[in-house]
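Below, read A as the first sequence line, B as the second, and so on, with proteins coming before strands; counting in each chain starts at 1.
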There are 2 protein chains.
Amino acid sequence: MASLTKIIEDHITQLFQEAEEEVVALRRKDLAELFGCVPSQINYVLRSRFTPERGFLVDSQRGGHGYIRILRLAFRFPEDRVNHIEDLVGETLSEAEAKRLLLNLQHRQMITGRERLLIEVALRYQEEVARSLFDLSPYRRDVMNAELLKRMLRSLVLS
Amino acid sequence: MASLTKIIEDHITQLFQEAEEEVVALRRKDLAELFGCVPSQINYVLRSRFTPERGFLVDSQRGGHGYIRILRLAFRFPEDRVNHIEDLVGETLSEAEAKRLLLNLQHRQMITGRERLLIEVALRYQEEVARSLFDLSPYRRDVMNAELLKRMLRSLVLS
DNA sequence: TAGAATGACGCTCAGGGATTTTCAGGGGGT
DNA sequence: ACCCCCTGAAAATCCCTGAGCGTCATTCTA
């Protein structure tokens with residue numbers, strides 16, 4: 001039993017595949033009517049699924065002849081992807097945030113499941129050592145997590 | 001007398017065998033009801049049994065249409081050419097030895113080039129932190145290297 | 001023909017229902 | 001005494017709705 005959000009997400013993803021374009025345009029109220037829901041449900045889908053973290057930008061216009069355009073970001077040069085990674089990770093990152101980020105990267109096929117597994121094992125071990133052996137504060141652990149994660153992801157993107 | 005945790009663990013393992021899939025999806029509250037326990041018992045089973053170190057990743061979502069998905073990502077090698085990882089690595093391992101070992105594993109197609117890269121980056125970062133930040137002796141660094149390496153390899157190839 | 005009114009959109013936000021997660025603690029075996 | 005199980009209440013998170021508001025193009029009006 002898939003959620004309505006998931007169904008609409010898949011539908012939009014399908015539009016990208018069919019069009020083979022980097023941009024998809026749609027009308028919010030038509031889409032809502034197509035799936036028999038209130039229009040604001042579309043906003044929820046966009047806000048939760050087509051985010052910058054997942055490589056999308058959304059712009060829209062209200063009023064008569066209003067529209068919603070979804071732009072899929074493409075990184076043509078490896079260094080762009082590296083910069084993107086740096087932004088996503090940032091200077092500090094909790095374990096929970098790291099998990100979510102890694103799942104996104106796997107979903108975007110930037111890493112495989114096994115690679116995610118390796119990264120999580122490394123992060124967990126570092127976390128464990130930093131906590132129980134060196135008694136580091138949560139903040140300093142998050143900084144180390146971010147640094148290790150960035151190094152590992154950089155190595156993959158550049159390979 | 002098998003514990004409830006063990007029973008639930010076996011049940012999930014059974015699901016993997018039946019489906020012959022790398023992913024099993026379930027609803028926590030249904031599983032809890034099936035075994036007549038509180039839902040949080042499922043969390044305990046997952047936390048203690050289906051860990052990254054054992055080759056599993058767990059993704060979940062709360063709220064309506066919530067779910068729990070368990071991914072099994074370790075290669076299944078029936079032969080025991082893999083079971084000697086503990087011996088291969090041992091209690092202590094220098095960086096040079098680690099590199100040789102990893103290259104060997106890659107040549108035997110047990111890990112990919114990207115996976116080897118990932119492991120080497122993690123080892124190097126740990127080495128760096130242990131040396132310049134915590135001023136650990138070479139011996140203790142090698143012990144930590146060995147432990148991290150074993151965990152990462154076990155997660156990939158555990159039987 | 002400039003400015004006001006209108007109609008047709010999209011956006012925000014609070015809230016409710018449905019799950020899962022967390023966490024402190026109790027019980028039992030070795 | 002310790003570690004593993006197991007429980008239950010509180011917190012967090014997710015989906016979805018609906019009312020109210022903002023904004024744009026078009027049409028009307030003086």
Could you tell me the separation between the [atom1] atom of [X] and the [atom2] atom of [N], rounded to a whole number of Å?
| X | N | atom1 | atom2 | value |
| --- | --- | --- | --- | --- |
| A/Ile42 | D/dT17 | CD1 | P | 10 Å |
| A/Asp59 | C/dC11 | CG | C1' | 14 Å |
| A/Leu31 | C/dA8 | CG | C1' | 17 Å |
| A/Leu46 | D/dC14 | CG | C1' | 16 Å |
| B/His65 | C/dG17 | NE2 | C1' | 11 Å |
| A/Asp30 | C/dG10 | CG | P | 7 Å |
| B/Asn43 | D/dA9 | CG | P | 16 Å |
| B/Ile8 | D/dC5 | CD1 | P | 11 Å |

Between [X] and [N], is there a contact of a side-chain N or O with OP1 or OP2 at under 4.0 Å?
| X | N | result |
| --- | --- | --- |
| B/Gln61 | D/dC14 | no |
| A/Arg28 | C/dC9 | no |
| B/Tyr44 | D/dC5 | yes |
| B/Arg49 | D/dC5 | yes |

Does B/Asp59 come within less than 4.0 Å of B/Arg69, counting only side-chain N to carboxylate O?
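No, no charged N to carboxylate O under 4.0 Å.
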Close side-chain approach of B/Phe16 to B/Glu22, heavy-atom, < 4.5 Å:
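Of all side-chain heavy-atom pairs linking B/Glu22 with B/Phe16, none is under 4.5 Å.
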Would A/Arg131 pass as a cation-pi partner of A/Phe134, given that its NZ or CZ must be under 6.0 Å from the six-membered ring centre and within 45 degrees of the axis?
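Geometry flag: not set, cation outside 6.0 Å or 45°.
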If you only use heavy atoms from C-beta on, which nucleotide in [options] is closest to the side chain of [X]?
| X | options | value |
| --- | --- | --- |
| B/Val38 | D/dG18, C/dC11, D/dG8 | D/dG8 |
| A/Arg62 | D/dC6, D/dT23, D/dA12 | D/dT23 |
| B/Thr5 | D/dC5, C/dT12, D/dG22 | D/dC5 |
| A/Lys29 | D/dT7, C/dG10, C/dT22 | C/dG10 |
| B/Cys37 | D/dT7, D/dT13, D/dC4 | D/dT7 |

Please name the pair of heavy atoms, one in [X] and one in [Y], separated by the smallest distance, quoted to 0.1 Å.
| X | Y | answer |
| --- | --- | --- |
| B/Cys37 | B/Leu4 | CB-CD2, 3.7 Å |
| B/Met144 | A/Val129 | CE-CG1, 3.7 Å |
| A/Arg154 | A/Glu147 | NH2-OE2, 4.1 Å |
| B/Gly90 | B/Ala146 | O-CB, 3.7 Å |

Return the residues of residues 130-142 of chain A meeting this criterion: a heavy atom under 4.0 Å from some atom of DNA chain D. Order them by number, or give none.
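Contacting residues: none.
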Relative to the 5' end of DNA chain D, which residue comes earlier, A/Gly63 or A/Gly36, by the nucleotide with the nearest heavy atom?
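Looking at DNA chain D, the more 5' nearest nucleotide goes with A/Gly36.
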B/Lys6 or A/Leu4: which one's nearest nucleotide on DNA chain D is closer to the 5' end?
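Nearest-nucleotide comparison on DNA chain D picks B/Lys6.
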Assess whether one donor atom and one acceptor atom, taken from the side chain of B/Ser40 and the base of D/dG8, lie less than 3.5 Å apart.
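Under the 3.5 Å cut-off, the side chain and the base do form a donor-acceptor pair.
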What contact category does B/Arg47 fall into here, base, sugar-phosphate, or nothing, at under 4.0 angstrom with non-hydrogen atoms?
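Nothing, no nucleic acid heavy atom in range.
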Is it the case that A/Arg141 and A/Tyr139 place a side-chain donor and acceptor less than 3.5 Å from each other?
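Short answer, no.
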